[in-house]
Amino acid sequence: MVTGEIGKLMIRFGLCCLFVNEPVRFRTTTASYLKKLSRKSRLGKLSSICLENSKNLQRALISAKRMGIGAFRISSDLFPVYTHPETGYHLDDFPDAEHIRKTLREAGTFAVENNIRLSFHPDQFIIISSPRNEVVANSVRDLIYHFMLADLTGAEIINIHLGGRYGSKVDSIERFRRNFEKLPSAVRARITLENDDISYTPSDLHGLCMELGIPLVYDVHHHRCNPDGLSIEAATSMCLDTWRKGKEPYFHISSPRDGWNSGNKKSHADYIDPGDFPTHWLKLRRNFTLDVEAKAKELAVQRLMKDLRV
DNA sequence: GCATGTCAAGTTGTG
DNA sequence: CACAACTTGACATGC
């Protein structure tokens, strides 16, 4: 059983990228270090990091299964600095390329067999709505990198934000719409959009998502930081609209580290305050996945599952 | 061996 | 105008 069961409702709890108490350690490196190495030793080092990270993904899923965690967000750094302009590389450049592919496919099979959903959440540099062509081009490249990993592991979701405002949200949404078409259709099929904590609310994104067929990931913490006048109930149902039947919606939750009355509501706390979980969600008639964004990682997921079963 | 400084990228908001 | 915050630890380096 990978889902929390509350009455008839099934909530699938998700962990983001890392564990604090499990023997799962993802390695990384930096472009400035790689630049000092010859091409051969550079590729050797990267190959061994990527292979180890792929094995760690398997370990991560085994741990998730044991804990009843039903979704896992894979770190964008699984293959470090893959799209860097100077030290970027391709999987086929590696001595261990086939071994890495096999390891990632096995992780994907394990996820399917154990009903664990996989996703990616590329970071803040991926901006499809930027007025700067170079930023858009880099973002497209990075999304294609994410797609490669998603294809190997079977991850169904690549979740991004709309981007900056650049003085006009309406114009920026229009640019997103145009630039989105530049993505290969296989990549587009995995993209979701999430409301953010400073600019784009569920109301801002709903029309675009409906038109382009992009599922809207509802982050209730961001909605509280960056409200649009909609109640949580209304925003939830607006986001659910964008997920076609049979596709399980994603929600995100977190609690503010310094409390709701502080100047800084955005930083994430170690754990989720159960009071921040919208009671309305317990009455939904649809199953959903809830990614828990909390610093205590799997401990926070386990605590929230326990708190909600009371 | 341990402490420390560094790390590719964009954008916004604060001081 | 400069810098921190999103996230975020892990690594190489230097003592």
Side-chain angles (χ1 to χ4, degrees), chain A residues 14-37 41-42 45-46 48-50 52-53 56 60 73-89 119-146 159-169 171-173 175-176 179 194-201 204 217 219 221-226 252-258 262-270 291-300:
Chain A
L15 172 67
C16 303
C17 305
L18 301 170
F19 291 82
V20 292
N21 264 350
E22 292 289 302
V24 176
R25 287 291 169 265
F26 293 102
R27 294 178 57 198
T28 188
T29 185
T30 63
S32 55
Y33 178 70
L34 292 172
K35 278 184 217 171
K36 297 177 197 163
L37 306 177
S41 49
R42 184 189 291 182
K45 182 184 173 70
L46 284 164
S48 90
I49 289 177
C50 292
E52 273 193 58
N53 285 354
N56 271 283
R73 182 187 299 173
I74 305 172
S75 166
S76 294
D77 291 330
L78 197 73
F79 288 11
V81 292
Y82 190 85
T83 57
H84 189 279
E86 290 171 81
T87 60
Y89 53 96
S119 67
F120 286 93
H121 194 1
D123 49 20
Q124 67 266 36
F125 311 108
I126 305 325
I127 300 173
I128 292 300
S129 66
S130 176
R132 296 167 51 199
N133 288 336
E134 188 191 320
V135 173
V136 176
N138 288 342
S139 300
V140 169
R141 249 162 27 103
D142 219 73
L143 287 173
I144 290 171
Y145 151 70
H146 280 86
N159 180 43
I160 59 176
H161 291 290
L162 193 120
R165 295 194 295 275
Y166 314 98
S168 162
K169 288 207 266 188
D171 291 349
S172 301
I173 288 172
R175 263 196 315 276
F176 181 97
N179 291 335
E194 177 189 341
N195 62 302
D196 66 65
D197 52 7
I198 51 171
S199 301
Y200 295 89
T201 64
D204 291 329
V217 172
D219 187 315
H221 180 77
H222 289 166
H223 192 215
R224 285 165 169 151
C225 292
N226 180 28
H252 291 179
I253 193 164
S254 35
S255 285
R257 185 189 63 198
D258 306 322
S262 77
N264 172 24
K265 302 176 178 63
K266 296 181 207 163
S267 300
H268 293 166
D270 289 345
D291 273 356
V292 175
E293 298 185 325
K295 298 221 174 232
K297 297 297 171 188
E298 82 276 16
L299 306 179

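Computation of the quantities below employed the complete heavy-atom set of this structure, encompassing side-chain atoms and omitting hydrogens, waters and symmetry-equivalent molecules. Naming: A, B, ... by sequence-line order, numbering from 1 per chain.
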Handout entry: Side chain of A:Ala31 (C-beta onward), nearest among C:dT13, B:dG10, B:dA8
Key = B:dA8
Handout entry: Between A:His252 and A:Glu194: side-chain donor-acceptor atoms closer than 3.5 Å
Key = yes
Problem - Nearest-nucleotide pick for A:Leu18, side chain only, options being C:dG9, C:dT7, B:dT11 - result: C:dG9
Exercise for the section: Report yes if a donor N or O on one partner sits less than 3.5 Å from an acceptor N or O on the other, where the partners are the side chain of A:Ser32 and the base of B:dA8; otherwise report no. Expected result: no
Exercise for the section: Between B:dG5 and C:dT8, how far apart are the P atoms? Round to whole Å, please. Expected result: 23 Å
Exercise for the section: Measure the distance from NZ on A:Lys295 to C1' on C:dA5 and round it to the nearest whole Å. Expected result: 11 Å
Fill in the blank from the handout: To the nearest angstrom, the CD1-P distance between A:Ile126 and B:dT11 comes to 11 Å
Exercise for the section: Fit a plane to each ring of A:His222 and A:His161, take the angle between them on a 0 to 90° scale, and name the class: parallel (under 30°), tilted (30 to 60°) or perpendicular (over 60°). Expected result: tilted
Handout entry: Among B:dT11, C:dT13, B:dA8, the nucleotide that comes nearest once only the side chain of A:Ser130 is considered
Key = B:dT11
Problem - Base paired to C:dA2 (Watson-Crick or G-U; both N/O distances under 3.5 angstrom) - result: B:dT14
Handout entry: Which nucleotide in C:dT7, B:dA9, C:dC11 has an atom nearest any side-chain atom of A:Asp142
Key = B:dA9
Handout entry: Closest-nucleotide 5' rank along DNA chain C - winner of A:Cys17 and A:Thr29
Key = A:Cys17
Problem - d(OH, A:Tyr200; C1', B:dG10) in whole Å - result: 13 Å
Practice task
Measure the distance from NE2 on A:His222 to P on B:dT12 and round it to the nearest whole Å.
Solution key: 16 Å
Practice task
Identify whether a stacking contact exists between A:Phe125 and B:dG10, where the ring centres must be under 5.5 Å apart and the planes under 30° apart.
Solution key: no
Practice task
Any chance you could measure A:Glu293, atom CD, to A:Arg73, atom CZ, to the nearest 0.5 Å?
Solution key: 4.5 Å
Practice task
Could you tell me the separation between the CZ atom of A:Phe19 and the P atom of C:dA10, rounded to a whole number of Å?
Solution key: 13 Å
Exercise for the section: Indicate whether OP1 or OP2 belonging to C:dA12 is found under 4.0 Å from a side-chain N or O atom of A:Lys45. Expected result: yes
Completion exercise
Which of B:dT11, C:dA10, C:dC11 is nearest the side chain of A:Arg25? It is C:dA10
Exercise for the section: Give a yes/no answer on whether the side chain of A:Arg132 brings an N or O atom under 4.0 Å of OP1 or OP2 in B:dT11. Expected result: yes
Practice task
Please tell me which of the listed nucleotides, C:dT7, C:dT13, B:dA8, lies nearest to the side chain of A:Pro85?
Solution key: B:dA8
Handout entry: Side-chain N,O (A:Lys35) to OP1/OP2 (B:dC7) below 4.0 Å
Key = no
Handout entry: A:Pro131 side chain, from C-beta outward: closest of B:dT11, B:dA9, C:dC11
Key = B:dT11
Exercise for the section: Could you please name the option among C:dT7, B:dG13, C:dT8 that lies closest to any side-chain atom of A:Arg165? Expected result: B:dG13
Fill in the blank from the handout: Sorted by position of nearest nucleotide on DNA chain C, 5' first, the leading residue of A:Glu293 and A:Val24 is A:Glu293
Exercise for the section: Please state the P separation for the pair C:dA10 and B:dT11 - nearest whole angstrom. Expected result: 29 Å
Practice task
May I have the distance from A:Glu52 (atom CD) to C:dA10 (atom P), rounded to whole angstrom?
Solution key: 13 Å
Handout entry: C1' atoms of C:dC11 and B:dG10, separation to the nearest Å
Key = 25 Å
Exercise for the section: Would you tell me whether A:Thr201 and A:Asp204 have side-chain atoms, one donor and one acceptor, within less than 3.5 Å of each other? Expected result: yes
Handout entry: Atom P, compared across C:dT7 and C:dC3: separation rounded to whole Å
Key = 23 Å
Fill in the blank from the handout: To the nearest 0.5 Å, atom CG of A:Leu143 lies from atom CZ of A:Phe120 at 11.5 Å
Exercise for the section: Would you mind reading off the distance between A:Ile128 atom CD1 and B:dA9 atom P, rounded to a whole angstrom? Expected result: 19 Å
Practice task
For A:Lys297, answer base if it contacts any base atom (sugar-phosphate contacts may also be present), sugar-phosphate if it contacts only those atoms, and nothing otherwise; contact means non-hydrogen atoms under 4.0 Å.
Solution key: sugar-phosphate
Problem - Which atom of A:Cys50 lies closest to which atom of A:Tyr89, heavy atoms considered - result: SG-OH, 3.9 Å
Completion exercise
A:Ile127 atom CD1 is separated from B:dA9 atom C1', nearest whole Å, by 9 Å
Problem - B:dA9 OP1/OP2 closer than 4.0 Å to side-chain N/O of A:His84 - result: no
Practice task
Determine: side-chain N/O of A:Tyr33 to OP1/OP2 of C:dC11, distance under 4.0 Å, yes or no.
Solution key: no
Completion exercise
C:dT8 -> Watson-Crick or G-U wobble partner, both distances under 3.5 Å, gives none
Problem - Distance in Å, A:Leu46 CG paired with A:Leu34 CG, rounded so as to fall on 0.5 Å steps - result: 5.0 Å
